[in-house]
Protein chains: 2
Amino acid sequence: MAKKTTIYDIAKELNITVSTVSRALNNISTISESTREAVLEMAKKLNYRPNKVASSLTSGKTYIIGVLLPSAQIQFFASVIHSLEKYLKSFGYSTLLYQTNESLESEKDGISTLLEAQVDGIIASLSLETEEDISHFEKVKEEGKPLIIFDRTHDNLDAPVVKINDEQAGYLATKHLLDKGYRKIAYITTKHRIKIFRERYEGYQKALREAGISPNPSYAILGELTVEGGYTGTNNLLRLKDRPDAIIGGDDYVALGIIKALHEQHITPPSIGVIGFANQNFSEHIIPSLSTIDQQAIQMGKECAKLFLKIIERKHLEEKTMEPVILSPILLPRESTNRKS
Amino acid sequence: MAKKTTIYDIAKELNITVSTVSRALNNISTISESTREAVLEMAKKLNYRPNKVASSLTSGKTYIIGVLLPSAQIQFFASVIHSLEKYLKSFGYSTLLYQTNESLESEKDGISTLLEAQVDGIIASLSLETEEDISHFEKVKEEGKPLIIFDRTHDNLDAPVVKINDEQAGYLATKHLLDKGYRKIAYITTKHRIKIFRERYEGYQKALREAGISPNPSYAILGELTVEGGYTGTNNLLRLKDRPDAIIGGDDYVALGIIKALHEQHITPPSIGVIGFANQNFSEHIIPSLSTIDQQAIQMGKECAKLFLKIIERKHLEEKTMEPVILSPILLPRESTNRKS
DNA sequence: GTGAAAGCGCTAACAA
DNA sequence: TTGTTAGCGCTTTCAC
């Protein structure tokens, strides 16, 4: 391949200097229309392609933003990635992805990697392992770069946040079951001490209390957020003397496991009600269709991107704490809870 | 924040030169153990973080690879992203993501963006819109950068390929149905002229011919690869005088739509057999569980990464055309086709 | 084993 | 409106 053409090549051809070329290419005001056109034409002719790495070195901006999250395998995060990349791209930003795979150590490596790549900011969601130690996130701010935390947030982390109202999510799911006439409502969720799951659980309890029902401790199952988790948990619940008449799954996969276990006992929702969280794209189409709480992944990605752009813009103004962006969860009632009450 | 520390700061503190510091940091042979340690220690003390942008400018390597694909919303691609990023990371590469959203124009922009970012290579899967015009991919090679195409490949594109044997995939699905005693096998797929879908269809026809069955043209439905597509297609099939006794869905979502339409007619597989492609993670858990052909997304991502690393290594050796990597599809027989034959 | 110095491709003062 | 000239932070010859 021929050597790559640079702005020097363009300058030489046109008998002007590189600064003029640079100005023309970046469409900077103080340039005559004629030279601008000449430069652009020559650039095309010489097959010029700007080297962003070089321009980053001088300008200090890479127009790359780092996205750090547990795993693209989890559909919620895949949707956020989709939305983030799509939106940021339209503002000239590229997306550098780093998955933590739920490991704290990997999360730390990720922050280092992204920072070394000189990203203009980081949008992150915490790993399940992340508890006390959040020093790696502090470093992002120490370097003066915007840090946005979404969905899996953290109490001690002073950074702008985008999430849904998780307590309301738990409340909505429970209230819906209550409205449908269910009374003995169980809840299968994760054993990890992640804030959003605690909050949903609190919403669950709140709804029960409002209905004058005191939460039954044996109805709370802590396990894994997987089909297996839902399956095992349900089997445990079915062994109770006082069986629940409805089960909330920590996410839609858990709900799938619940339905599976029920099916083996020849029980089909909504005779026992089942509801999940996340609105995975299969939920609407399985039989019976699964009631769920939509977590607004697409919207969340977009809000993260908007927030980032906003922070970047006012960078040199006041660095005051941003208001958290709290999205509202959406109840999607479907067959799996549609009991005639 | 304080100004970022550079190798100059380290050099000054230690009364040595930046070249020595650079050598120490990069662990280059010709350096004494003692200075190496001193540098590393000082680096830590000063909170030094290497600037990869700067090193990229001189070395010409960014250790970033560009991943260009239709959408992270499509679970197959999300899995490939997951796998790619995970594997590449372990070899020191970061992943820059660009989604085409099935648009040719966006695909072209994507190539430009990635090239401007000076990625060390591009791993791509074509958009549905991409047909004749593949000039943008040629540019990658013109710049002397490795280009790998996976899954959605293209006949006229001379680049190393990673895919599954799609004809075999179609064949396997059809053969499985035949083995289960189904004879009137319909096929709902996409109307887009994408190679892999054509090949699967050819596998379908091959299996039928081998069984002495001549494909019935009214059993081939061309529509969209969505739940809707499966639903609509199935309703059309059910209106035929001579109804099929089994339906192949172009992917698992299509299969979901097929099952939905059947359910509305009070038909439950396997009384009419249903099989999909992709092994989406819900397929195993819906009721009835869905037979499908696994497309090895995880393996595919890993093979792409391996191929990339291999090419990068031998870069300056012979640039001979690489053998395509063809993975074998895996039949996963489940309840939706489990008819007693 | 270490230092000196050029330069990667571009931007951005400062001059003119 | 355009040119001159330093760098940005690092790597890499070529000396010593």
Side-chain angles (χ1 to χ4, degrees), chain A residues 1-40 42-43 46-64 92 115-120 143-144, chain B residues 1-40 42-43 46-64 92 115-120 143-144:
Chain A
M1 64 186 167
K3 207 158 156 305
K4 291 200 59 180
T5 94
T6 72
I7 53 174
Y8 280 89
D9 302 320
I10 299 177
K12 197 179 293 168
E13 289 291 319
L14 261 34
N15 269 315
I16 54 180
T17 63
V18 290
S19 35
T20 306
V21 175
S22 174
R23 281 187 277 255
L25 257 17
N26 292 294
N27 210 1
I28 283 177
S29 52
T30 64
I31 192 126
S32 78
E33 189 59 21
S34 60
T35 55
R36 207 179 63 85
E37 275 169 15
V39 167
L40 259 36
M42 185 56 69
L46 298 183
N47 235 315
Y48 170 74
R49 189 189 302 289
N51 181 331
K52 287 249 175 93
V53 168
S55 93
S56 295
L57 189 58
T58 15
S59 70
K61 294 202 59 174
T62 54
Y63 290 94
I64 293 177
L115 251 20
E116 287 179 12
Q118 310 299 119
V119 296
D120 288 349
E143 300 218 350
Chain B
M1 66 189 166
K3 206 160 157 304
K4 292 199 57 181
T5 93
T6 72
I7 53 173
Y8 280 90
D9 302 318
I10 299 177
K12 198 180 292 169
E13 289 291 320
L14 260 34
N15 269 315
I16 53 179
T17 61
V18 289
S19 31
T20 305
V21 175
S22 174
R23 282 187 274 252
L25 257 18
N26 292 294
N27 209 1
I28 284 176
S29 53
T30 64
I31 192 124
S32 79
E33 188 58 22
S34 59
T35 55
R36 207 179 64 84
E37 275 170 15
V39 168
L40 259 36
M42 184 58 70
L46 297 183
N47 235 315
Y48 170 73
R49 190 189 302 286
N51 181 331
K52 287 247 174 97
V53 168
S55 90
S56 296
L57 188 57
T58 16
S59 71
K61 294 203 58 172
T62 53
Y63 290 94
I64 293 178
L115 252 18
E116 287 179 12
Q118 311 298 121
V119 295
D120 288 348
E143 301 218 350

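A note on names: the letters A, B, ... follow the listed sequences, proteins ahead of strands, and every chain is numbered from 1.
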Checklist entry - When all nucleic acid strands are considered with a 4.0 Å heavy-atom cut-off, which category describes B/Thr35: base, sugar-phosphate, or nothing? => result sugar-phosphate

Checklist entry - Does A/Thr17 place a side-chain N or O at less than 4.0 Å from the phosphate oxygens OP1/OP2 of D/dG3? => result yes

Checklist entry - Atom CD of A/Glu116 and atom C1' of D/dG9: how far apart are they, to the nearest Å? => result 13 Å

Next on the checklist: OP1 or OP2 of D/dT1 versus the side-chain N and O atoms of A/Ser32: is any pair under 4.0 Å?
Outcome noted: no

Item to check | Heavy-atom closest pair, residues A/Tyr63 and A/Asp120 | outcome: N-OD2, 2.8 Å

Checklist entry - Whole-Å distance between D/dT2 P and A/Leu25 CG? => result 14 Å

Checklist entry - Rounded to the Å, how far apart are A/Glu37 CD and D/dT2 P? => result 12 Å

Checklist entry - For B/Ile7, which contact category applies under a 4.0 Å heavy-atom criterion: base, sugar-phosphate, or nothing? => result base

Checklist entry - Taking CD1 from B/Ile28 and C1' from D/dT12, how many angstroms apart are they, rounded to a whole number? => result 8 Å

Next on the checklist: Does A/Thr30 reach a base, just sugar-phosphate, or nothing at all? Heavy atoms under 4.0 Å.
Outcome noted: base

Checklist entry - What are the two closest non-hydrogen atoms of B/Thr17 and B/Ala11, and how far apart are they? => result C-CB, 3.8 Å

Checklist outcome for this item: Whole-Å distance, A/Glu143 CD to D/dG9 C1', equals 14 Å

Next on the checklist: Please report the distance, rounded to the nearest Å, between NZ in B/Lys4 and P in D/dC8.
Outcome noted: 14 Å

Checklist entry - Expressed in angstrom and rounded to an integer, what is the separation of A/Leu57 atom CG from D/dC10 atom C1'? => result 8 Å

Item to check | Nearest-nucleotide comparison on DNA chain D, the residue closer to the 5′ end among B/Ser19 and B/Val53 | outcome: B/Val53

Checklist entry - Of the non-hydrogen atoms in A/Leu25 and A/Ala43, which two are nearest, and what is the gap between them? => result CD1-CB, 4.5 Å

Checklist entry - Is there a donor on the side chain of B/Tyr8 or the base of D/dC8 sitting less than 3.5 Å from an acceptor on the other? => result no

Next on the checklist: Suppose we call a contact any N or O donor and acceptor under 3.5 Å apart; does that hold for the side chain of B/Arg49 and the base of D/dG9?
Outcome noted: no

Checklist outcome for this item: To the nearest angstrom, the NZ-P distance between A/Lys12 and D/dG3 comes to 15 Å

Checklist entry - Base, sugar-phosphate, or nothing for B/Ser55, non-hydrogen atoms under 4.0 angstrom? => result sugar-phosphate

Checklist outcome for this item: 5'-most to 3'-most nt of DNA chain C touching chain A (<4.0 Å, heavy-atom partner on protein side) reads C/dG9 to C/dA13

Item to check | With sequence neighbours excluded, residues passing side-chain contact (heavy atoms from CB on, under 4.5 Å) with B/Ser32 | outcome: B/Ser34, B/Thr35

Next on the checklist: Less than 4.0 angstrom between a side-chain N/O of B/Tyr48 and OP1 or OP2 of D/dC10, yes or no?
Outcome noted: yes

